[in-house]
Amino acid sequence: MTSTALAWFRRDLRLDDNPAWASATARDDVVALVVLEPALLAAAGPWRRRAYLSAVTGLDRSLRSCGGSLRAETGDPAEVVPRAVSETGAEVVVVNADVTRWSVERDRRVEQRLGMPIEQHWGTLVHPPGSVLTRAGGLSNVLTPFHRRWSERSLSEAVRPGSGCVVEAPDGSTPTEMLGDGLYAPWGEQDAAARFETWLDRVDSYDEERDNPATDGTSGLSAALRFGLLSPRGAAADAGTHTPGRAAFVRQLAWRDWYAHLTFEHPDIDRVSLRPEYDRIAWAEGDAADADFEAWKAGRTGYPIVDAAMRELAATGWMHNRLRMVAASFLVKDLLIDWRRGERWFRRMLTDGDIPQNAGNWQWVAGTGPDAAPYFRVFNPVAQSRRHDPEGRYLRRWLPELDRLDSRAIHAPWQAAPAELAAAGVRLGADYPAPTVDHDEARERALAAYREALTG
DNA sequence: TGGGGTTTGGG
DNA sequence: CCAAACCCC
Ligand SMILES: Cc1cc2nc3c(=O)[nH]c(=O)nc-3n(C[C@H](O)[C@H](O)[C@H](O)COP(=O)(O)OP(=O)(O)OC[C@H]3O[C@@H](n4cnc5c(N)ncnc54)[C@H](O)[C@@H]3O)c2cc1C
């Protein structure tokens, strides 16, 4: 009698070094399934939706090179998965687990409908939740001790697919048929692996280049990690920590794990401040705040560094880490708008957007999370711009209307002399917005609001 | 991976 | 005069 496993792929869209896939392919036959969940696709903005569907196509490509193909179905997993099980005769469903409340609840619902437990592995983190603990036995609320413990743990060995026969998807449910031929160019684990290889040529200068948004001094691997095209465990192992650049890169992977573990422990990370006293802040609300929020989303705040970053986000689904901090700080501290509103917009628009990383980082910027920046750390958008993009190379890329301003004026056009603006062809309020807020006043307003929440 | 203001100490 | 140190938020 042959044994059949159903491997249900979610955000682990690769075959190599994938614990769930390795286990599933230890059976005689294995069915590979992706469920296109309407709720998830609706929540994703255009960039992440495209990336996800391309990654699904890429997974199908990988499966075809082992003689099978991917079965893709649309619907609620609680309906789709049990149906696929009964159609294929699979006796086990194998997954890599995820940390969000949404995915935990989904898997519980599926198990109920299946009438049996799902076989769970971990394949989207370097170390799974619950495996990195302080002496007291809990999850650290401070990154540094977490990182130390995390580094002390040895990395598990890479796992390889077993020899199970990969089943072909039935007619009508291959990604090509589901998504349309050629609409989504395959983006797969080979692409992620190739990108990682070229990153290893540059990783040694990461610690020096990472804060410069005008150059691609970072790995650009976040979307591949988001969808599991790259094994984070493998990335940490292959990079090593023997140079400062490599150590800094691997530390970022620890940061990623930390936010995932925190999310597993605090499923409401996107809804409540992990330091609850900060939920007493009197955020700006009403028409004026709504107008500020719209200006921020559209890149019309009048602060070039914020506007360039927000325009890049909307146009590409990407934003450099330094700019994420600056743009998020601007929304929270300068506009005094609830971090949750910004978090939702970022999550929708970012190709790499996910709840643990996005909400964790927003809580860090807003000062509401564990080990977050203290609330009185307020970024000055002009100072950040001068420090990290001194020539305005990045600004010019996204704000062509300011290109003729020199590298002194471009960071704060409203401070330039009228003649200088005229010579550069910039009419503030017409070609480019006048600043929506005065940073010095806004900073005082934010400090007062935070202080009030903490003391009053 | 904060910034604004002030003081201090060498030039 | 200026950078660094220091305090505070
Ligand atoms: C307000 C805000 C929102 C963010 N939202 C997201 C998000 O939705 N999804 C996301 O993946 N990252 C998010 N980040 C973290 C970080 O900005 C991105 O991971 C990074 O810019 C991705 O570029 P990279 O792959 O070139 O990173 P690299 O600098 O090359 O870092 C390597 C990897 O480490 C991880 N990493 C790096 N920085 C962080 C960090 N600060 N926190 C956690 N993990 C990190 C990422 O997986 C990244 O791919 C956010 C940061 C901020 C400040």
(request) Mind calculating the distance between CG (Asn212(A)) and P (dT1(B)) to the nearest angstrom? (result) 13 Å

(message) Expressed as a whole number of angstroms, how long is the span from Glu444(A):CD to dG4(B):P?
(response) 10 Å

(request) Find the distance His439(A):NE2 to dC9(C):P and express it as a whole number of Å. (result) 17 Å

(request) Indicate whether OP1 or OP2 belonging to dG4(B) is found under 4.0 Å from a side-chain N or O atom of Asn380(A). (result) yes

(message) Regarding dT1(B), can its base be found pairing with the side chain of Arg210(A) as donor and acceptor, where the two atoms are less than 3.5 Å apart?
(response) yes

(request) Have a look at Trp8(A) and tell me which of Asn96(A), Val34(A), Val110(A) forms a side chain to side chain contact (heavy atoms under 4.5 Å, CB included) with it. (result) Val110(A)

(request) Evaluate the criterion ring-ring contact (aromatic ring centres under 6.0 Å, His included) for residue pair Phe330(A) and Tyr303(A); output intermediate values, then yes/no. (result) CA-CA 9 Å; Phe330(A) 187 83; Tyr303(A) 282 82; 5.1 Å; yes

(request) Step by step, work out the salt bridge (Lys or Arg N to Asp or Glu O under 4.0 Å) result for Arg340(A) and Asp270(A). (result) CA-CA 7 Å; Arg340(A) 281 159 279 237; Asp270(A) 59 327; over 6 Å; no

(request) In whole angstrom, give the distance that lies between atom CZ of Phe376(A) and atom P of dT1(B). (result) 16 Å

(message) In whole Å, I'd like the distance from the CZ atom of Arg451(A) to the P atom of dC8(C).
(response) 14 Å

(message) Strictly below 4.0 Å: does Gln384(A) bring a side-chain N or O up to OP1 or OP2 of dG3(B)?
(response) yes

(request) Nearest whole angstrom, please: distance from the P of dG4(B) to the CZ of Arg443(A). (result) 6 Å

(message) Taking the ring centre of each residue, are Phe227(A) and Tyr52(A) less than 6.0 Å apart?
(response) yes

(request) Calculate the interatomic distance between Glu452(A) atom CD and dC9(C) atom P; express it in whole Å. (result) 16 Å

(request) Consider the side chain of Gln252(A), meaning its heavy atoms from C-beta on, and name the nucleotide among dT1(B), dG2(B), dG3(B) that approaches it most closely. (result) dT1(B)

